[in-house]
Amino acid sequence: MQFRAPRGTHDVLPADAPARERIASVARVTAAAAGYRAFEPPTFEQADLFVRGVGDGTDIVEKEMYIFEDRGGERLALRPEGTASVCRAYVEHGLANAPQPVKLFYVLPIFRYERPQAGRYRQHTQFGLEAIGVRDPALDAEVISVGWRIMQELGLRDLTLLFNSIGDGEDRRAYVPRLRAHFEPQLDSLCGDCRGRFHRAPLRLLDCKQECCRSFQEGAPLIGDHLRPESREFADAVRAHLSALGIPVREAPTLVRGLDYYTHTVFEIVPARAGSQVTLLAGGRYDGLIEAIGGKPTPGIGFGMGIERMANDLRAQKLAPEEEAGPAALVVALGEAAGPRATSLAAELRAAGVSATMAFGGRSLKAQLRHAHRTGARVALILGERELAAGVVQVRDLSGSEQREVALAEVVGELSGLVS
RNA sequence: GUGGGCGUCGCCUAGAGGCCUAAGGCGCCAGGUUGUGGCCCUGGUAUUCGCGGGUUCGAAUCCCGCCGUCCACCCCA
């Protein structure tokens with residue numbers, strides 16, 4: 001029997017790594033430039049943190065969490081999202097006493113027991129950032145602008161920012177009855193999913209793709225038209241800031257989120273291309289979350305960005321970085337006697353800042369040179385018994401075929417300009 | 001969780017019931033001079049066609065189940 005990576009998980013091979021690293025590093029640098037600082041929670045948390053934070057009626061909690069009991073009988077869960085952990089840390093470490101807002105970013109593996117398909121995995125990596133402690137439309141705009149900027153820096157084009165405001169609990173208490181009143185007469189004609197949504201997640205009635213439900217969506221009341229004046233003003237202020245930033249906004253009156261904690265601002269960044277699992281970045285405001293997990297009422301806003309989806313897009317648009325070249329110098333040892341000196345020569349080169357290694361395996365000169373060529377080395381340093389006796393080394397330039405003899409004592413100095 | 005497509009060497013692909021004890025390209029390994037790469041040539045590299053059953057005189061090729069992957073839905077990054 002052959003072992004395999006578990007369903008929906010993937011190994012990151014050297015060929016895949018540069019694109020991921022590029023995305024993560026651009027994201028970190030961009031976030032840091034706006035004052036966000038690195039944060040890293042444990043990979044698992046008390047399961048109830050997510051039940052209370054994300055919401056016990058959500059799919060994520062209800063059927064997608066990796067839950068387990070540890071040997072001490074504690075009920076834990078692999079994190080299915082990042083925001084709840086950040087908020088838990090904010091409360092736990094008294095970060096309310098730090099200058100507000102507290103602005104953090106993270107790059108974390110996320111775990112959800114879902115049916116895998118392209119762009120959806122059981123373990124994926126999210127870059128995310130959160131700004132906690134202040135309720136200010138300018139902050140919403142800053143968070144969105146950092147996300148937008150990361151996309152620009154990476155060279156992704158033809159993106160759309162979808163924007164909506166879903167109000168807060170009070171707005172929804174007034175709105176949901178109107179929404180239900182619209183759908184109630186047709187309840188029997190709706191799809192099975194929607195009959196469930198009618199009770200559990202009425203906002204989702206608006207983005208069902210089934211033919212049968214679509215027809216009833218026309219003329220349904222929209223949350224955006226039923227916000228209290230203060231909620232409406234907040235959303236308009238966010239729009240004004242985004243406009244000042246020059247970020248094009250596409251209004252998405254039916255955009256809602258699958259996590260219970262979202263309030264007011266919700267947004268997604270999606271590419272123009274068709275397909276299903278395409279959202280690259282999604283987030284929103286979560287003014288009720290910290291209270292829901294036991295802290296004082298505290299506003300917050302943030303987003304999550306899927307590194308694998310981004311990497312797929314970069315590859316599709318031919319923007320993915322090339323695989324890294326191998327070491328610049330390859331030390332070729334011939335014969336037993338030269339071995340130890342070759343080993344130390346490679347180490348000396350590295351210490352001097354020249355990437356270097358050897359062709360291992362005691363192979364023929366020919367095989368070692370071929371290896372040097374195939375791994376992209378710029379020079380081969382040939383050290384055989386003859387060279388050892390004479391205190392020299394053959395320096396062969398692999399881009400052409402020049403070869404010269406250099407004193408062993410001087411090679412490192414001569415090559416130290418060749419950093420790679 | 002629902003429906004559908006696909007699954008041959010590390011990678012890409014040929015093969016469509018007996019000619020397959022599975023072919024080609026790339027890659028990898030070795031060799032073609034006694035210490036010299038890139039091109040070229042030679043040889044090696046799957047007892048086996050995702051796994052397990054079944055049909056048949058005979059299966060990589062047909063059927064069933066499972067697993068994986070991809071697509072749509074659900075949901076989401």
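These numbers come from the heavy atoms of this one structure, side chains and all, not from hydrogens, waters or symmetry mates. None of the values given here were measured: they were computed from a predicted structure.
Using Watson-Crick or G-U wobble geometry with both donor-acceptor distances under 3.5 Å, B:G27 finds its partner in B:U45. Checking B:C39 for Watson-Crick or G-U wobble geometry (two distances, each under 3.5 Å) identifies no partner in any strand. Nucleotide B:A72 forms a pair with B:U2, judged by Watson-Crick or G-U wobble geometry with both contacts under 3.5 Å. In this structure B:C66 sits in a base pair with B:G50, meeting the Watson-Crick or G-U test at under 3.5 Å. The partner of B:A22, taking Watson-Crick or G-U wobble pairs whose two distances both stay under 3.5 Å, does not exist in any strand shown.
Residue A:Q403 places a side-chain atom within donor-acceptor reach of the base of B:U36, judged by atom type and a 3.5 Å distance cut-off alone. Not a single donor-acceptor pair, N or O on each side, falls under 3.5 Å between the base of B:C71 and the side chain of A:R120. Put simply, the side chain of A:R396 and the base of B:G37 share a donor and an acceptor less than 3.5 Å apart. A donor-acceptor contact under 3.5 angstrom links the side-chain atoms of A:R115 to the base of B:U2. No N or O donor and acceptor, one from the side chain of A:Q368 and one from the base of B:G35, sit under 3.5 Å apart. If you check distances only, the side chain of A:R386 does reach the base of B:G35 with a donor-acceptor pair under 3.5 Å. For A:H373 against B:G38, no side-chain N or O and base N or O form a donor-acceptor pair under 3.5 Å.
Distance noted for atom C1' between B:G53 and B:A59: 14 Å (whole Å). Separation of the P atoms belonging to B:A46 and B:C63 is 30 Å when rounded to the nearest angstrom. Here the separation of B:C71 from B:U42, taken at their P atoms, is 41 Å to the nearest Å. Comparing the P positions of B:A60 and B:A16 gives a spacing of 13 Å, expressed to the nearest Å. B:U33 and B:C49: their P atoms are spaced 41 Å apart (whole Å). Here, B:G1 and B:C57 have their P atoms 40 Å apart, quoted to the whole Å. Atom P of B:C19 sits at a distance of 23 Å from the matching atom of B:G54, rounded to the whole Å. One P atom belongs to B:G3, the other to B:G18, and the distance between them is 34 Å to the nearest Å.
A:G8 comes within contact range of the sugar-phosphate backbone alone, with a heavy-atom separation under 4.0 Å but no base atom that close. Residue-level contact check: A:S399 touches the bases, meaning some heavy atom is under 4.0 Å from a base atom. Counting non-hydrogen atoms under 4.0 angstrom, A:R374 reaches the backbone sugars and phosphates but no base. Nucleic acid contact class of A:Y121 (heavy atoms, under 4.0 Å, all strands): base. Nucleic acid contact class of A:Q123 (heavy atoms, under 4.0 Å, all strands): none. At a threshold of 4.0 angstrom between heavy atoms, the contacts of A:S401 include nucleobase atoms, whether or not backbone atoms are also involved. As judged by a 4.0 angstrom heavy-atom cut-off over every strand, A:L281 is placed among residues touching the sugar-phosphate backbone only.
Using a 4.0 Å cut-off, no side-chain N or O of A:R309 falls inside it from OP1 or OP2 of B:A77. Within the structure, a side-chain polar atom (N or O) of A:Q117 is placed less than 4.0 Å from OP1 or OP2 of B:A72. Contact between the side-chain N/O atoms of A:R197 and the OP1/OP2 oxygens of B:C75 is found at a separation under 4.0 Å. In this structure, A:R370 does not reach the B:C28 phosphate: none of its side-chain N or O atoms is under 4.0 Å from OP1 or OP2.
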(Q) Checking A:H264 against A:R135 for the side-chain hydrogen bond (donor to acceptor under 3.5 Å, both in side chains) test, could you report, in this order, the C-alpha distance in whole Å, the side-chain angles of both residues, the deciding distance, and whether it holds? (A) CA-CA 11 Å; A:H264 301 289; A:R135 187 167 181 283; 3.2 Å; yes

Q | Intermediate values then yes/no, side-chain hydrogen bond (donor to acceptor under 3.5 Å, both in side chains), A:R341 and A:S344 | A | CA-CA 5 Å; A:R341 186 63 186 100; A:S344 66; 2.8 Å; yes

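Mapping A:R363 and A:L398 onto RNA chain B via the closest heavy atom, the residue that lands nearer the 5' end is A:R363. Taking for each of A:H10 and A:A282 the nucleotide of RNA chain B with the nearest heavy atom, the 5'-most of the two is the partner of A:H10.
In this structure, A:Y286 and A:Y262 have perpendicular ring planes: the angle between them is above 60°, well past the 30° mark. Between A:H10 and A:Y121, the angle of the ring planes goes over 60°, which puts this pair in the perpendicular group of the 30/60° scheme.
When the nucleotides B:C70, B:A77, B:G68 are ranked by their closest atom to the side chain of A:R7, B:G68 comes out on top. Closest approach to the A:L369 side chain among B:A77, B:U36, B:A30 is made by B:U36 (side chain taken as heavy atoms from C-beta onward).
The CD1 atom of A:I290 sits 11.5 Å away from the CZ atom of A:R88 when rounded to the nearest 0.5 Å. Here the CZ-CZ distance, from A:F303 to A:F127, works out to 5.5 Å after rounding to the nearest 0.5 Å.
A:E308 and A:T125 form a side-chain donor-acceptor contact under 3.5 Å, judged by distance and modelled atom types alone.
Evaluation of A:H371 against the base of B:G37 yields no stacking contact (centre distance < 5.5 Å, interplanar angle < 30° required).
For the pair A:W148/A:L281, no side-chain contact is recorded, criterion being any heavy-atom separation below 4.5 Å from C-beta on.
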